[in-house]
Amino acid sequence: MHELSIATSILKSAEREVENCGGGAIKEITLSIGKLAGVEIDSLKFIWSECMRNTVLGNAQIVIFEPEGNARCLDCGTVFGMKKIYDSCPGCGSYFKEILSGKELKINKLIIE
Ligand SMILES: [Zn+2]
């Protein structure tokens with residue numbers, strides 16, 4: 001259900017953009033969904049076509065980028081890649097970290113025609 005609410009909010013933003021451009025249909029949409037954003041890409045793709053039928057995104061091609069998770073340890077300063085949000089620092093084992101990337105969930109680009 002989480003993916004459904006994401007799809008719905010993407011659709012709302014897209015509709016707003018189309019309105020701002022004075023109408024049209026979206027040809028292509030590029031999304032950035034970080035590996036740490038907690039989104040099941042497969043589920044999102046699965047509900048996408050159903051959800052977008054007869055909307056401005058009905059015929060849009062979808063491109064998804066999945067930025068890797070990266071964090072900087074607040075204890076020793078090591079920058080490391082993360083597979084899961086609760087991964088600890090490989091250098092010192094600390095759980096205190098600043099997330100640098102991987103939590104993105106946004107529309108990068110819309111091509112409207
Ligand atoms: Zn550390």
Side-chain angles (χ1 to χ4, degrees):
M1 285 317 272
H2 180 51
E3 281 69 25
L4 182 59
S5 63
I6 290 165
T8 310
S9 75
I10 290 170
L11 176 59
K12 278 191 187 134
S13 307
E15 280 174 339
R16 209 176 310 129
E17 282 301 318
V18 169
E19 209 170 293
N20 288 344
C21 291
I26 294 168
K27 198 174 156 202
E28 189 180 301
I29 180 168
T30 307
L31 304 173
S32 209
I33 303 176
K35 293 242 165 94
L36 304 176
V39 179
E40 293 278 345
I41 306 281
D42 287 344
S43 312
L44 183 63
K45 282 182 175 161
F46 183 74
I47 60 166
W48 185 268
S49 53
E50 194 59 40
C51 205
M52 301 309 177
R53 190 173 294 161
N54 299 322
T55 72
V56 292
L57 283 166
N59 294 313
Q61 197 180 338
I62 176 169
V63 181
I64 301 178
F65 287 109
E66 297 177 67
E68 297 288 336
N70 275 299
R72 184 189 296 117
C73 176
L74 293 178
D75 282 319
C76 73
T78 303
V79 173
F80 56 99
M82 299 196 315
K83 294 257 183 305
K84 298 258 160 51
I85 197 84
Y86 48 80
D87 281 355
S88 61
C89 170
C92 71
S94 172
Y95 284 94
F96 296 102
K97 69 217 170 211
E98 175 194 359
I99 309 286
L100 301 175
S101 65
K103 287 195 81 180
E104 304 88 334
L105 177 51
K106 61 179 185 197
I107 298 174
N108 274 1
K109 199 171 73 175
L110 280 176
I111 300 176
I112 300 172
E113 56 176 14

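Whatever order the structure lists ligands and atoms in, that order sets their numbers, starting from 1. Model, not experiment: these values are computed from the prediction.
- Glu15 and Val56 get closest at one heavy-atom pair: CG-CG2, 3.7 Å.
- Of all the heavy atoms in Thr78 and Cys89, the pair that sits closest is CB-SG, 4.0 Å.
- When each of Glu68, Arg72, Met82 is checked for a side chain to side chain contact (heavy atoms under 4.5 Å, CB included) with Leu100, only Arg72 meets the rule.
- Counting only protein atoms, the N, O or S atoms lying less than 2.8 Å from the Zn ion (ligand 1) are Cys73 SG, Cys76 SG, Cys89 SG, Cys92 SG, ordered by chain and residue number.
- Shown here are the side-chain contact (heavy atoms from CB on, under 4.5 Å) partners of Glu28, two or more places apart in sequence or in another chain: Thr30, Gln61, Val63, Ile111.
- The side-chain contact (heavy atoms from CB on, under 4.5 Å) check on Ala37 picks up Ile33, Val39, with sequence neighbours excluded.
- Shown here are the side-chain contact (heavy atoms from CB on, under 4.5 Å) partners of Ser101, two or more places apart in sequence or in another chain: Asn70, Glu104.
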